[in-house]
Structures are given as C-alpha cells and as structure tokens.
Amino acid sequence: LGMFSELKFPVPWGHVAAKAWGPSEGHPVLCLHGWLDNANTFDKLIPLLPRGCYYVAMDFSGHGLSSHRPAGCPYHFLDYVTDVRRVAAALQWRRFTLMGHSMGNFSFSYCFISPQFCFLYPEMVDKVILLESLGFLLAPEDTEAWLKSKRRVIDRLLILEAKQQTPKARSPEAALQRLLEANSHLTAEGGAILLQRGATETPAG
C-alpha cells in the first residue's frame with residue numbers, strides 16, 4: 001500500500017483533491033484529516049492497515065491541494081461535512097467506512113466532522129474510526145430537529161449544484177411574468193422596477 005494515486009473532484013469553486021491507496025474495487029474507506037492537516041496525515045498509517053481496502057484521503061477545502069473557497073467565505077463545520085458528501089457522491093460510494101483524525105481539542109469543529117456525517121447519513125456509513133477524536137453528542141430533545149435541518153441544507157445544496165445550467169434568456173415580458181408568478185405580493189409596476197436592476201439584457205433576451 002505504499003503507492004498512491006492523486007484524485008481531483010470538481011466543486012463549484014474549483015476542486016477537492018485526494019490521495020488513494022489500494023485496489024479501487026476494494027472495500028471503500030474515506031479518510032478525513034484534522035486541524036490544519038492534509039491528506040498526507042495518513043501516509044505512514046495507510047501502509048500498516050489491512051490490504052484489500054480502497055483508502056481515499058481527501059484534502060478539505062483550503063487544505064493540501066484542494067482549492068480555497070472564494071475570499072470572504074468562512075469555513076464552517078457544515079461546509080466540511082458537505083465536502084465529504086460531495087466526495088462520496090463523486091466516488092459513487094453508497095456505503096463506506098469513515099476514518100477521521102483530529103488534533104485533540106484545538107479543533108472543536110474538525111473532530112466532529114466524522115461523527116456528524118455518520119449522524120446525518122447513517123445509511124452511508126458501515127463503521128466509523130475516530131483517531132484522537134471525540135464522539136458527537138446532542139441533547140435528546142435537539143436531535144431530530146438538528147438532523148432534519150442540517151441534512152436538508154446539504155441535500156438541497158447538492159441538488160441545486162447538480163442542476164446548474166446556463167441561465168435561460170427570456171423576453172422582458174416573459175421575465176416579468178416569471179417574477180410575478182414567483183412573488184405573488186408584487187405588482188406589475190414593482191416587478192418592472194426590480195427587473196431594471198435584477199436582470200441583464202442580452203441579444204437573446
């Protein structure tokens with residue numbers, strides 16, 4: 001397992017980079033690095049692990065060889081969880097093992113990424129391995145609401161990204177009609193005023 005290959009997965013702001021060891025048909029294991037680390041965290045560990053698995057260690061956005069998010073965009077813990085979901089989708093993994101590493105308490109949010117993903121997508125994870133990390137705990141009364149809201153955010157975002165298409169060109173009349181249909185409180189005059197600044201005129205419409 002000493003040899004590895006480099007992988008790249010496209011995301012809206014660039015790409016997420018990863019390293020892979022082992023046979024691609026082997027049992028999938030996704031490896032998540034810790035605070036200010038990158039995929040090389042696993043260079044010494046992977047060769048000691050069972051052969052026959054396909055180990056993929058990703059660089060979180062802004063780390064290692066992965067693209068940074070646009071300037072001014074914060075790095076929130078849920079964005080890292082979403083990165084994991086993106087990589088799993090790109091690999092077409094429906095069920096896999098998750099191995100997460102964190103450097104003690106320096107990373108309050110990082111050490112929760114693996115457990116949070118398992119909590120949000122339990123059907124995708126067959127087992128979780130935590131290295132120098134903590135579990136993820138919520139008060140029982142908060143669990144269902146947290147799960148529903150966070151999973152909905154991630155799923156809707158990925159659906160929107162998958163549907164990204166070139167914007168359709170419409171006539172000014174059709175654009176106004178669409179705006180009024182989407183905003184029932186708007187008058188035609190108010191919609192026309194908003195379109196002056198909210199739409200871009202092209203030769204096609």
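Both backbone and side-chain heavy atoms feed into the values below; hydrogens, waters and symmetry mates do not.
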hydrophobic_cluster_shared for [Y] and [X], side chain cutoff 4.5 Å:
X: Tyr75; Y: Ile154; result: yes
X: Leu32; Y: Leu65; result: no
X: Tyr121; Y: Leu158; result: yes
X: Leu157; Y: Val153; result: no

Hey, is [X] close enough to [Y] for a salt bridge, meaning N to O under 4.0 Å?
X: Asp83; Y: Arg86; result: yes
X: Asp43; Y: Lys19; result: yes
X: Glu123; Y: Arg151; result: yes

Less than 4.5 Å apart, any side-chain heavy atom of [X] and any of [Y]?
X: Leu30; Y: Val87; result: yes
X: Leu49; Y: Tyr55; result: yes
X: Leu130; Y: Ser114; result: yes

_Residues Phe117, Tyr80; criterion side-chain contact (heavy atoms from CB on, under 4.5 Å); working and verdict_ = CA-CA 10 Å; Phe117 185 88; Tyr80 292 121; over 6 Å; no
*Verify side chain to side chain donor-acceptor pair (under 3.5 Å) between Thr41 and His101, making sure each step is shown before the conclusion.*
CA-CA 9 Å; Thr41 286; His101 171 256; 4.8 Å; no
*Give a yes or no on whether Arg95 atom CZ has more than 12 heavy-atom contacts from other residues, nucleotides or ligands under 6.0 Å away.*
yes
_I'd like to know if the side chain of Ser66 pairs up with that of His15 as donor and acceptor (distance under 3.5 Å, no hydrogens or angles considered)._
no
*Give a yes or no on whether the ring-centroid distance for Phe60 and His33 is below 6.0 angstrom.*
yes
